[in-house]
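Every chain is numbered from 1, with letters handed out A, B, ... down the list of sequences.
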Amino acid sequence: MTSDFRPQSGFLTVLVERGFLHQCSDLAGLDQIAKSGDLVAYTGFDCTAPSLHAGSLVQIMLLRWLQKTGGKPIALMGGGTTRVGDPSGKDASRQLLPLETIAANKDGIKNVFARFLSFGEGKRDAIIPDNADWLATLNYIDFLRDVGRHFSVNRMLSLDSVKLRLERDQELSFLEFNYMCLQAYDFVELFKRHGCVLQMGGSDQWGNIVTGIDLGRRMGTRQLYGLTSPLLTSSSGAKMGKSAQGAVWLDESMLPVFDYWQYWRNCEDQDTGRFLKLFTELPLDEIARLEALGGAEINEAKKILATEAAAMVHGREAALRAAGAARQTFEEGALAESLPSVKIPAAEIEAGLGVLTAFVRSGLVASTGEARRQIIGGGLKINDRTVTDERMVIGPRDLTGGVVKLSLGRKRHVLLKIA
RNA sequence: GGGGGAGUGUCCCGAGCGGCAAAGGGGGCGGACUGUAAAUCCGCUGGCUAAGCCUUCGUAGGUUCGAGUCCUACCUCCCCCA
């Protein structure tokens, strides 16, 4: 849809060139504001998990590019809206989260932004407000009279997020039905407080965003704008941000840097170029060169993707460590000290630690039953030797420099280190 | 308010004459082949102190040697009538 549009602003130029743009309410109008250097834009983040995962990365990068091209980014914490729950793109209602959980999640999520945005009091410094600040104290009657009267239920029913639920005869509670009203109100509130005129989000947010623009018009704000990024899936259709082991968390305590690096390293060939554009800041001509690599050579491009993407989230030093550990492990067959590790008391090794227990402790398998099955399938290795006997015991002589390497399959490795 | 139907393995969908740890998919994991890719083929896919034991079929009771299956009540959802 954007192929015939030539943006003049740095911000939109980047978005178009790098594939961040899916839909926009008014490209030309937004381009003018972005060019003037006064663009303030926000993206909302639900506080439904203790950290963000790779699925949110596109939104985070959007905010980062906004700041780099002269705009002011707002990462809105949904401390208030999360108490309600967004029905968009979900089949069924999500369980309501306790307030303490939401607060804890919010703290975890805020941490993620430190690496991507620069904060402060300046004109272009990023801010992280929480919509609970204005939503939590709303008076129901006042809200209905001042804001509610501007919403058309007829129109709300026609939005995909609602329509899909209705068509499938799936429950949509009144609580969830109100979510979009609150999100729309956020937009107006952020305009009033910070002069924010653009809301960005994933393509599933389009309806909610447009509703906000609409509310703004009725409540007398300036013209507001909306922009969505494409919903990211891998070439084979898998949802981004979820991997075999679960979500690809951006927090090191929830996913070791090594595993994060591996996630990108193992992307499908077809996705390499697209991901380089979205998740790294390498120049486009460099990306074009990497993308053109064919056959096994594409692996070089994937390593660069992994290192750059990991550096963005965890810092370059940690990313290079992960890259080094991968090289030692996969290419040199050596024992890399910086693989993910789990501490085991020396006494337990002295006494002899059963393989089954050891693998459960490492987190590579969920239960001794699974460990047993993996052994039957030839999937477990200790120090690169396949485990064939489930009664095998790990003792002091299996240690190399105080470390035992446990592997599940060819790709997942964890070191047991003497504590 | 009346009548009918449905809730199954804590990822999902889904079969299930009273002997069921419960068919079959999808997804996922492992193996083979490769390039740490894709595609393909094969195996696995409740827990445990493991030839045994324990916990699972909406919830709570009941009948039975034995219940996912039969009975009762309750919860939730869908359809038809008013």
Peer 1: Could you state the atom-to-atom distance from CG of Leu293(A) to C1' of A38(B) in whole Å?
Peer 2: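 Checked: the CG to C1' distance equals 17 Å.
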Peer 1: Go through the structure and list residues passing salt bridge (charged side-chain N to carboxylate O under 4.0 Å, His left out) with Lys110(A), not counting sequence neighbours.
Peer 2: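 Partners of Lys110(A) under the salt bridge (charged side-chain N to carboxylate O under 4.0 Å, His left out) test: none.
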Peer 1: Using whole Å, report how far CG of Asn299(A) lies from C1' of U36(B).
Peer 2: 7 Å
Peer 1: Under 4.0 angstrom, heavy atoms only, what part of the nucleic acid is Leu408(A) near: base, sugar-phosphate, or nothing?
Peer 2: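 Contact class for Leu408(A): sugar-phosphate only.
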Peer 1: Within this structure, what is the CZ-to-P distance between Arg274(A) and A37(B), rounded to whole angstrom?
Peer 2: 19 Å
Peer 1: Taking only the side-chain nitrogens and oxygens of Lys411(A), find out if one of them lies under 4.0 Å from OP1 or OP2 of G31(B).
Peer 2: no
Peer 1: To the nearest Å, how far apart are Ile375(A) CD1 and G31(B) P?
Peer 2: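 Taking CD1 of Ile375(A) and P of G31(B), I get 13 Å after rounding.
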Peer 1: Taking RNA chain B as the partner, which of residues 255-262 of chain A come within under 4.0 angstrom of it by heavy atom?
Peer 2: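 Going residue by residue through residues 255-262 of chain A, the ones with a heavy atom under 4.0 Å of RNA chain B turn out to be Trp261(A), Gln262(A).
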Peer 1: With the threshold set at under 4.0 Å for non-hydrogen atoms, list the residues of residues 324-341 of chain A touching RNA chain B in residue-number order.
Peer 2: Ala326(A), Phe330(A)
Peer 1: According to the side-chain hydrogen bond (donor to acceptor under 3.5 Å, both in side chains) rule, which pairs have a member within residues 371-387 of chain A, sequence neighbours left out?
Peer 2: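 side-chain hydrogen bond (donor to acceptor under 3.5 Å, both in side chains) check on residues 371-387 of chain A returns Arg372(A)-Glu390(A), Asp384(A)-Lys405(A).
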Peer 1: For a quick check, with a 4.0 angstrom heavy-atom cut-off, what is the B/S/- contact string for nucleotides 41-47 of chain B, read 5' to 3'?
Peer 2: ---SS-S
Peer 1: Atom CD of Glu268(A) and atom C1' of A39(B): how far apart are they, to the nearest Å?
Peer 2: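 Checked: the CD to C1' distance equals 11 Å.
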Peer 1: Can you pull the side-chain hydrogen bond (donor to acceptor under 3.5 Å, both in side chains) pairs that have at least one residue in residues 345-362 of chain A, sequence neighbours excluded?
Peer 2: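 Every pair satisfying side-chain hydrogen bond (donor to acceptor under 3.5 Å, both in side chains) with a residue in residues 345-362 of chain A: Glu348(A)-Arg361(A).
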